[in-house]
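Accompanying notes for the structure given below.
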Amino acid sequence: EVKLFSTSTEREMYENLADLYAIIMSLENLERSFIRDSISPSEYTTECSKLLSQYKTVSQIVHKPDLRQFAHTYKLSCAAALHRLEVGVPSTIEHETVDISGNNVKHVAKTVQEFITVLDALSLGMAAVDKLHPLLADLLQSLNSVSFLPADYKWKANLRDWLIALNKMKASDELDEDQKRQLTFEVEQAYADFHKSLDSKE
């Protein structure tokens with residue numbers, strides 16, 4: 001039996017590299033599916049935004065990897081994925097694709113990315129007010145930019161309430177476990193509802 005690691009630190013490093021490998025190959029498959037018209041622009045944008053956000057999280061852990069060197073080392077054929085990771089946005093945004101309902105896909109993709117960024121931060125245990133506040137503010141701003149959502153969309157008010165609550169706290173304060181759990185639950189509900197809104201526009 002060959003052991004890849006001898007310490008917990010080495011094990012974590014290999015697990016992170018495995019995550020990076022999986023993200024790159026998933027993105028490569030997604031790009032090829034989009035090129036072949038096997039997936040709709042809105043589906044592509046949502047999935048691509050999710051993978052780009054996941055890459056952003058993993059790349060912070062593995063300290064900004066050299067993607068081309070990584071691909072060479074592990075003999076990956078992933079030119080499309082490397083280009084997408086270098087650009088940092090889905091092809092639909094890069095080329096300003098607009099969906100049939102007239103809503104710019106760029107705003108939808110950005111909103112998806114903001115949702116995933118907030119949920120990733122919470123899952124990683126982020127609780128500091130000065131870290132969470134800007135993430136929630138960016139998410140609210142993105143929701144406001146999506147034209148098909150009504151002005152009284154309930155999750156906008158929900159996010160505003162959280163921002164108000166955070167504003168009342170010190171920057172160095174942290175949410176307690178109950179608050180983190182509640183915020184995570186509400187953001188997950190908002191994300192699910194946002195997807196339903198997208199489906200209704202298909």
Legend entry - From CA spacing to verdict: side chain to side chain contact (heavy atoms under 4.5 Å, CB included), L17, Y74: CA-CA 11 Å; L17 290 176; Y74 295 99; 3.9 Å; yes

Inset, instruction - Over all heavy atoms of both residues, which pair between I116 and S53 is shortest? Give the atoms and the distance, please. - result: CG2-CB, 3.4 Å

Inset, instruction - Could you name each residue pair satisfying ring pair (Phe, Tyr, Trp, His ring centres under 6.0 Å) that touches residues 172-192, not counting sequence neighbours? - result: F115-Y191, Y191-H195

Inset, instruction - Mind checking side-chain hydrogen bond (donor to acceptor under 3.5 Å, both in side chains) for T57 and listing every partner two or more places apart, or none if nothing turns up? - result: D120

Inset, instruction - Work out which heavy atom in L139 is nearest to a heavy atom in T111; give both atom names and the distance. - result: CD1-O, 4.1 Å

Legend entry - Separation of L30 CG from E43 CD (nearest 0.5 Å): 10.0 Å

Using residues 127-137 as the side-chain source, report each donor-acceptor pair under 3.5 Å to any protein atom, sequence neighbours left out, with the distance given to one decimal.
| from | atom 1 | to | atom 2 | distance (Å) |
| --- | --- | --- | --- | --- |
| H133 | NE2 | N167 | OD1 | 3.1 |

Legend entry - Least distance between heavy atoms, S142 atom then K110 atom: OG-NZ, 3.5 Å

Inset, instruction - Compare all side-chain heavy atoms of L175 with those of M169 and state whether any distance is below 4.5 angstrom. - result: yes

Inset, instruction - Could you grab the distance from atom CD1 of I23 to atom NZ of K50, nearest 0.5 Å is fine? - result: 10.5 Å

Legend entry - Residues which pass side-chain contact (heavy atoms from CB on, under 4.5 Å) with K75, listed by chain and number, not counting sequence neighbours: none

Legend entry - E186: partners by side-chain hydrogen bond (donor to acceptor under 3.5 Å, both in side chains), with sequence neighbours left out: N158, W162, Q182

Inset, instruction - Tell me whether L166 is reachable from L124 by hopping between hydrophobic residues (I, L, V, M, F, W, Y) whose side-chain heavy atoms are closer than 4.5 Å. - result: no

Inset, instruction - Mind checking side-chain hydrogen bond (donor to acceptor under 3.5 Å, both in side chains) for R160 and listing every partner two or more places apart, or none if nothing turns up? - result: none

Inset, instruction - For D193 and Q189, indicate whether the former's side chain and the latter's backbone hold a donor-acceptor pair under 3.5 Å. - result: no

Inset, instruction - Please round to the nearest 0.5 Å and tell me the distance separating atom CD1 of I35 and atom OG of S91. - result: 8.0 Å

Legend entry - Y21 atom OH, over 12 foreign heavy atoms within 6.0 Å: no

Legend entry - R181: side-chain hydrogen bond (donor to acceptor under 3.5 Å, both in side chains) partners, not counting sequence neighbours: none

Legend entry - Approximate separation, where rounding is to 0.5 Å, of C48 SG and L52 CG: 4.0 Å

Legend entry - Partners meeting salt bridge (charged side-chain N to carboxylate O under 4.0 Å, His left out) with E174 (sequence neighbours left out): none

Inset, instruction - Quick one: do Y55 and I24 satisfy side chain to side chain contact (heavy atoms under 4.5 Å, CB included)? Show the steps, please. - result: CA-CA 8 Å; Y55 166 73; I24 291 174; 5.7 Å; no

Inset, instruction - Answer whether the closest heavy-atom distance between the side chains of T73 and Q69 falls below 4.5 Å. - result: yes

Legend entry - Heavy-atom pair with the smallest gap, counting every atom of A190 and Y153: O-OH, 4.1 Å

Inset, instruction - Specify the closest pair of heavy atoms between V112 and T46, including all atoms of both residues, with the distance to one decimal. - result: CG1-O, 3.9 Å

Legend entry - salt bridge (Lys or Arg N to Asp or Glu O under 4.0 Å) contacts in which one or both residues fall within residues 13-33, not counting sequence neighbours: R11-E15, E28-R32, E31-R84

Legend entry - E86: side-chain contact (heavy atoms from CB on, under 4.5 Å) partners, not counting sequence neighbours: R68

Inset, instruction - Check the pair S42 / V108 against side chain to side chain contact (heavy atoms under 4.5 Å, CB included), numbers first and verdict last. - result: CA-CA 8 Å; S42 60; V108 172; over 6 Å; no

Inset, instruction - Measure across L76 and M25 and return the closest heavy-atom pair with its distance rounded to 0.1 Å. - result: CD2-SD, 4.1 Å

Inset, instruction - Output all residues satisfying salt bridge (charged side-chain N to carboxylate O under 4.0 Å, His left out) with E47, sequence neighbours left out; order by chain, then residue number. - result: none

Legend entry - Sequence-distant partners of E188, side-chain contact (heavy atoms from CB on, under 4.5 Å), two or more places apart: L119, T184

Inset, instruction - Enter the distance from L122:CG to L183:CG here, rounded to the nearest 0.5 Å. - result: 5.0 Å

